[in-house]
Engineer: 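One structure coming up, written as structure tokens, with questions to follow.
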Amino acid sequence: MNELAEHTRWINRAVELAVENVKAGGGPFGCVIVKDGECIAEGVNRVTSNCDPTAHAEIQAIRNACSKLGSHQLSDCILYSSCEPCPMCLGAIYWARPNAVFFAARSFQAANVGFDDSFIYEELQLEEEDRRVPWTQIAVDQSDLPFLQWQNTIDKKEY
């Protein structure tokens, strides 16, 4: 199988998961994580069923893959999503460090049916006090203590 056919195979699986999830009462998003040509994890949107705003398909798949690999990183893995990832998933993907990401639908297609995350990008451009949810720093004397503790820990696991 050529490379494009292989990527298409996994994208189709992500889309299939999304369709199955909608039929089961969930959101229209699916994700597959592949390592060495084998699916190691899948995820679907479980936001409403789990009452968890972070239970996006990509997050679910990342959690499943990392658990299976026994690692917090997805080295040598490829992530396939039924839709262009939202800002939260984008951040999680970068932290997980897969080799590549492929997606089927564009974010504007999701926005057209009510899954619009463009406001998050807009919010990030605003000053903290001008955001929909106000952000305020309260500086305390010990605010750097966790970082100092981390810095001085000899056997820490870097990430």
Engineer: Is the shortest distance from a Lys or Arg side-chain nitrogen in Glu6 or Arg9 to a carboxylate oxygen in the other one below 4.0 Å?
Structural biologist: yes
Engineer: Evaluate the side-chain contact (heavy atoms from CB on, under 4.5 Å) criterion for residues Ile62 and Leu79: first the C-alpha distance (whole Å), next the side-chain angles of each, then the deciding distance (0.1 Å), finally the verdict.
Structural biologist: CA-CA 9 Å; Ile62 289 169; Leu79 186 145; 4.0 Å; yes
Engineer: Hey, mind stepping through Lys23 and Glu20 against salt bridge (charged side-chain N to carboxylate O under 4.0 Å, His left out) and telling me if it holds?
Structural biologist: CA-CA 5 Å; Lys23 289 178 182 176; Glu20 290 171 1; over 6 Å; no
Engineer: To check you understand the geometry: which heavy-atom pair defines the closest contact between Ala61 and Ala41, and what is its length?
Structural biologist: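 Nearest heavy atoms, Ala61 then Ala41: O-CB, 3.6 Å.
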Engineer: Report whether Phe115 and Val47 are members of the same hydrophobic cluster (ILVMFWY, side-chain heavy atoms less than 4.5 Å apart, transitive linking).
Structural biologist: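 No, Phe115 does not connect to Val47 through the hydrophobic network.
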Engineer: Rounded to the nearest 0.5 Å, what separation is found between the CZ atom of Arg13 and the SG atom of Cys39?
Structural biologist: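 Atom-to-atom, Arg13:CZ and Cys39:SG are 7.0 Å apart.
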Engineer: Does atom NZ (Lys156) have a neighbourhood of more than 12 heavy atoms from anything else shown, all under 6.0 Å?
Structural biologist: yes
Engineer: When you measure from the side chain of Asn45 to the backbone of Gly26, do you find a donor-acceptor pair of N or O atoms at a distance under 3.5 Å?
Structural biologist: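 The answer is no, because no donor-acceptor pair under 3.5 Å joins these two groups.
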Engineer: Flag the pair Arg63 / Thr54 as yes when at least one side-chain heavy-atom distance between them is below 4.5 Å, and no otherwise.
Structural biologist: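 Side chain of Arg63 against side chain of Thr54, heavy atoms only: contact under 4.5 Å found.
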Engineer: Would you say Asn2's side chain and Ala5's backbone share a donor-acceptor pair under 3.5 angstrom?
Structural biologist: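 Yes: the side chain of Asn2 pairs with the backbone of Ala5.
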Engineer: Quick one: does any side-chain atom of Arg131 pair with a main-chain N or O of Glu123 as donor and acceptor, under 3.5 Å?
Structural biologist: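 Indeed, once roles are kept as given, a pair shorter than 3.5 Å links the two residues.
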Engineer: Search all heavy atoms of Asn21 against all heavy atoms of Phe29 and return the closest pair with its distance.
Structural biologist: ND2-O, 4.4 Å
Engineer: Test side-chain contact (heavy atoms from CB on, under 4.5 Å) on Arg132 and Leu126 and set out the steps.
Structural biologist: CA-CA 10 Å; Arg132 291 181 193 185; Leu126 298 174; over 6 Å; no
Engineer: Heavy atoms, side chains only, cut-off 4.5 Å: are Glu38 and Val34 in contact?
Structural biologist: no
Engineer: Of the non-hydrogen atoms in Gly25 and Thr48, which two are nearest, and what is the gap between them?
Structural biologist: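 Result for this residue pair: O-OG1, 4.4 Å.
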Engineer: Linking I/L/V/M/F/W/Y whenever their side-chain heavy atoms sit closer than 4.5 Å, directly or via other members, would Val15 and Phe103 fall into one cluster?
Structural biologist: no
Engineer: Any side-chain heavy atom of Glu58 sitting closer than 4.5 Å to one from Leu90?
Structural biologist: no
Engineer: Flag yes if Leu17 and Val22 sit in one hydrophobic cluster, no otherwise; membership is Ile, Leu, Val, Met, Phe, Trp, Tyr, and two members link when side-chain heavy atoms are under 4.5 Å apart.
Structural biologist: no
Engineer: Apply side-chain contact (heavy atoms from CB on, under 4.5 Å) to the pair Ile40 and Cys77, showing each step before the final yes or no.
Structural biologist: CA-CA 9 Å; Ile40 62 165; Cys77 293; 3.9 Å; yes
Engineer: Just by distance, do the side chain of Ser71 and the backbone of Gln73 share a donor-acceptor pair under 3.5 Å?
Structural biologist: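 Yes.
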Engineer: What is the distance from atom CD of Gln125 to atom CG of Asp130, rounded to the nearest 0.5 Å?
Structural biologist: 12.5 Å
Engineer: Using a 4.5 Å cut-off on heavy atoms from C-beta on, say whether the side chain of Pro134 contacts that of Glu129.
Structural biologist: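 A side-chain contact under 4.5 Å is absent here.
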Engineer: Judged by atom type as modelled, is there a donor-acceptor pair below 3.5 Å linking the side chain of Asn50 to the main-chain atoms of Asp52?
Structural biologist: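 A pair under 3.5 Å: no.
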Engineer: Side-chain contact test, heavy atoms from C-beta onward, threshold under 4.5 Å: evaluate it for Ile78 versus Pro98 and give yes or no.
Structural biologist: no
Engineer: Does a sphere of radius 6.0 Å around CZ in Arg106 hold more than 12 heavy atoms from other residues, nucleotides or ligands, not counting ones at 6.0 Å or beyond?
Structural biologist: no
Engineer: Any idea which heavy atoms bring Ser82 and Ala104 closest together, and the distance?
Structural biologist: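 Minimum heavy-atom contact is O-CB, 3.3 Å.
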Engineer: I need the minimum non-hydrogen distance between Cys89 and Pro85, along with the two atoms involved.
Structural biologist: CB-CB, 3.9 Å
Engineer: Between Ser143 (side chain) and Ala139 (backbone), is there a donor-acceptor pair under 3.5 Å?
Structural biologist: no
Engineer: When clusters are formed by joining ILVMFWY residues with side-chain heavy atoms under 4.5 Å apart, either directly or through shared neighbours, do Tyr121 and Tyr94 land in the same one?
Structural biologist: yes
Engineer: How are the rings of Trp150 and Tyr159 set relative to one another: parallel (under 30°), tilted (30 to 60°) or perpendicular (over 60°)?
Structural biologist: perpendicular
Engineer: Side chains of Gln60 and Val44: closer than 4.5 Å at any heavy-atom pair?
Structural biologist: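 No - every pair of side-chain heavy atoms lies 4.5 Å or more apart.
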Engineer: Any donor-acceptor pair under 3.5 Å linking the side chain of Ser67 with the backbone of Asn64?
Structural biologist: no
Engineer: So Asp117 and Ile120, do their side chains get closer than 4.5 Å, heavy atoms only?
Structural biologist: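 Side-chain contact under 4.5 Å: yes.
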Engineer: Quick one: CD on Glu158 to NE2 on His72, what's the gap to the nearest 0.5 Å?
Structural biologist: 9.0 Å
Engineer: Mind checking whether Trp10 and Tyr80 have parallel, tilted or perpendicular rings, split at 30° and 60°?
Structural biologist: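 Because their plane-to-plane angle lies in the 30° to 60° range, the rings of Trp10 and Tyr80 count as tilted.
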Engineer: Any chance you could lay out the side-chain contact (heavy atoms from CB on, under 4.5 Å) test for Cys83 and Gln109, step after step, and finish with the verdict?
Structural biologist: CA-CA 8 Å; Cys83 186; Gln109 293 171 281; 5.9 Å; no
Engineer: Give the minimum heavy-atom separation between Val101 and Ile93, together with the two atoms involved.
Structural biologist: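 Closest heavy-atom pair between Val101 and Ile93: CG2-CG2, 3.6 Å.
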Engineer: Counting only heavy atoms not in Gln137, do more than 12 fall under 6.0 Å of its CD?
Structural biologist: no
